[in-house]
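All heavy atoms count here, side chains included; hydrogens, waters and symmetry mates do not. All ligand and atom numbering here is 1-based and tracks the order in the structure.
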Amino acid sequence: MAIKAIKNSLQPATDKSGVIQNYIGGSWVSASSTKELPVTNPATGEILARVPLSNHTDVGKAVEAAEKAFPAWRETPVLERVRILFRLKALLEEKADDLAVSLTQEHGKTCSESRGEIQRGIENVEHACGMPALLMGDTLEDIAPGVDCETIRQPIGVFAAITPYNFPIMIPLWFWPYAIATGNTFVLKPSEQDPLTHQQIVVLIEEAGLPHGVLNVVHGNQEAVTALLEHPELKGVSFVGSSRVAKIIYAKAAAEGKRVQALGGAKNHMIVLPDADYDQVAQVVNASIFGCAGQRCLAGSVVVGVEDAFEPVREKVVQMASALRIGNGLEENVDMGPVISAPHRDRVRTYINQGVDDGATLLLDGREARVAAYPKGNWVGPTVFTDVKPEMGIGREEIFGPVATFTHAKSLDDAVELMHRNRYGNATSIFTTSGRTAREFRYRAGISMIGVNIAVAAPLAFFPFGGSRGSFYGDLKAQGRDAIEFYTDKRVVISRW
Ligand code: NAD
């Protein structure tokens with residue numbers, strides 16, 4: 001089928017040689033570094049643009065622009081600050097379809113998945129629009145005769161976020177709308193793998209009237225991140241990405257005396273009890289594992305069937321997964337797009353090879369998947385393993401691809417114990433018709449995001465998003481009230497008149 005809308009009205013800001021630009025102090029500027037990487041459409045192999053790998057000088061300029069903008073922005077009344085976000089929300093809604101096409105082109109997810117991601121991002125902008133109420137402090141009269149005590153929340157200065165490739169619109173919007181609504185200024189370092197669509201969001205926030213320097217964007221990878229972490233004027237940093245890097249960022253930022261929240265990888269266990277509705281479970285678990293080609297930190301990649309629940313759910317998932325249509329996410333009737341890059345495709349294939357070598361049984365093999373019209377796409381078909389042991393690589397590590405692993409447990413206790421042997425703790429779900437069992441599970445799971453008969457336990461914007469154990473380093477999570485805590489300092493004023 002022909003691509004319906006390969007072009008949209010949004011084009012990335014590039015210099016004459018097709019390299020995208022940083023956004024610093026309200027201007028699009030070329031990075032001083034000459035190092036760059038291609039940004040490729042993962043379905044077609046087409047090079048969409050090139051991204052610069054900014055260096056210390058570029059990052060220094062971005063932080064300085066944010067620092068310079070801070071005093072005036074801090075003094076801008078919160079009502080005026082959020083009016084800009086209200087305008088951004090309207091613009092995002094107006095442009096959502098174009099943004100979705102652009103996102104699918106650089107990431108590979110289907111257009112409806114892109115539209116869903118953009119909606120989740122908009123919901124964070126909406127929540128940040130409520131900042132006048134969210135910022136309020138507390139007051140207690142007469143803590144001693146004639147003495148009153150109050151807390152006020154004040155912004156801190158320049159914050160940054162370093163974000164991953166899998167949700168390149170939603171995840172930046174977990175951070176900067178809250179940071180700027182609370183009166184801070186910001187530097188974003190997006191993923192170098194798909195930085196293009198967010199460039200358009202910068203154009204929209206500028207159109208909404210954001211003063212220069214309040215939001216800045218620097219492109220790059222490790223060197224840019226190191227420069228950010230070492231910058232003395234950066235007060236705090238949010239990271240989302242793999243646990244390996246999250247741990248490094250957490251340690252370095254904390255050592256530099258900065259506020260830090262670092263969200264890492266995942267291996268989410270879906271525990272199915274024998275009293276569950278197997279048809280419903282299979283449907284939602286299938287969507288959880290294979291949505292976004294498995295490149296989701298909430299993907300329910302380990303299905304633990306307790307007693308008799310094991311076989312029927314597994315058989316249904318194999319059946320549904322076999323019917324998934326892979327292809328270019330811009331086309332209709334495509335259920336699953338490619339993975340982000342050829343090296344990542346090879347990494348996923350290596351995990352599948354390893355699973356076979358370790359003795360797991362491969363029920364559905366996606367290694368040889370091809371899409372005839374797109375020979376250069378990074379295809380991995382839906383893959384299902386059974387007889388997976390927690391100590392195997394595929395049972396232990398985050399694959400971040402369309403690979404389901406099935407494990408059998410004798411009881412709920414056995415299933416929870418198996419889950420706790422894994423180092424990650426991002427999300428988990430239980431499927432049961434017993435309220436008592438669900439309550440018991442919620443009490444003992446020890447995992448931050450818990451689904452009950454829900455396979456993607458994704459908190460909405462007004463709830464905290466983030467994991468525990470090896471999936472999270474820090475204390476305050478993204479979104480919700482935690483975001484207001486993270487971006488403000490509580491000052492206590494005690495007065496006698
Ligand atoms: P990644 O860790 O490779 O990269 C994330 C960011 O860190 C990018 O901006 C990248 O440029 C930068 N980076 C990479 N290596 C670095 C280094 N050595 N030093 C400093 N910065 C570095 O992650 P990714 O492949 O882009 O994203 C996928 C990962 O993100 C998965 O593990 C997924 O589970 C995780 N993720 C977690 C959540 C969550 O809420 N916990 C949400 C989305 C994605």
I'd like the atom pairs linking ligand 1 to the protein - N or O on both sides, separation under 3.5 Å - with distances to 0.1 Å.
residue  : atom   : partner : partner atom : Å
ligand 1 : 2 (O)  : S242    : N            : 2.9
ligand 1 : 2 (O)  : S242    : OG           : 2.6
ligand 1 : 9 (O)  : T163    : O            : 2.8
ligand 1 : 9 (O)  : K189    : NZ           : 2.8
ligand 1 : 11 (O) : K189    : NZ           : 2.8
ligand 1 : 11 (O) : E192    : OE1          : 2.7
ligand 1 : 26 (O) : Y165    : N            : 3.1
ligand 1 : 30 (O) : G241    : O            : 3.3
ligand 1 : 32 (O) : E398    : OE1          : 2.6
ligand 1 : 34 (O) : E398    : OE2          : 2.6
ligand 1 : 41 (N) : G264    : O            : 2.8

Residues that F465 engages under ring-ring contact (aromatic ring centres under 6.0 Å, His included), provided they are two or more places apart
W174
Flag the pair D58 and K189 as a salt bridge only when some basic side-chain nitrogen lies within less than 4.0 angstrom of an acidic carboxylate oxygen.
no
Non-neighbouring partners of Q222 that pass side chain to side chain contact (heavy atoms under 4.5 Å, CB included), sequence neighbours left out
T226
H107/F167 aromatic ring centres below 6.0 Å:
no
Are F159 and F175 near enough that their ring centres are under 6.0 Å apart?
no
Going by the side chain to side chain donor-acceptor pair (under 3.5 Å) test, which pairs reach into residues 392-402, not counting sequence neighbours?
Y351-E397
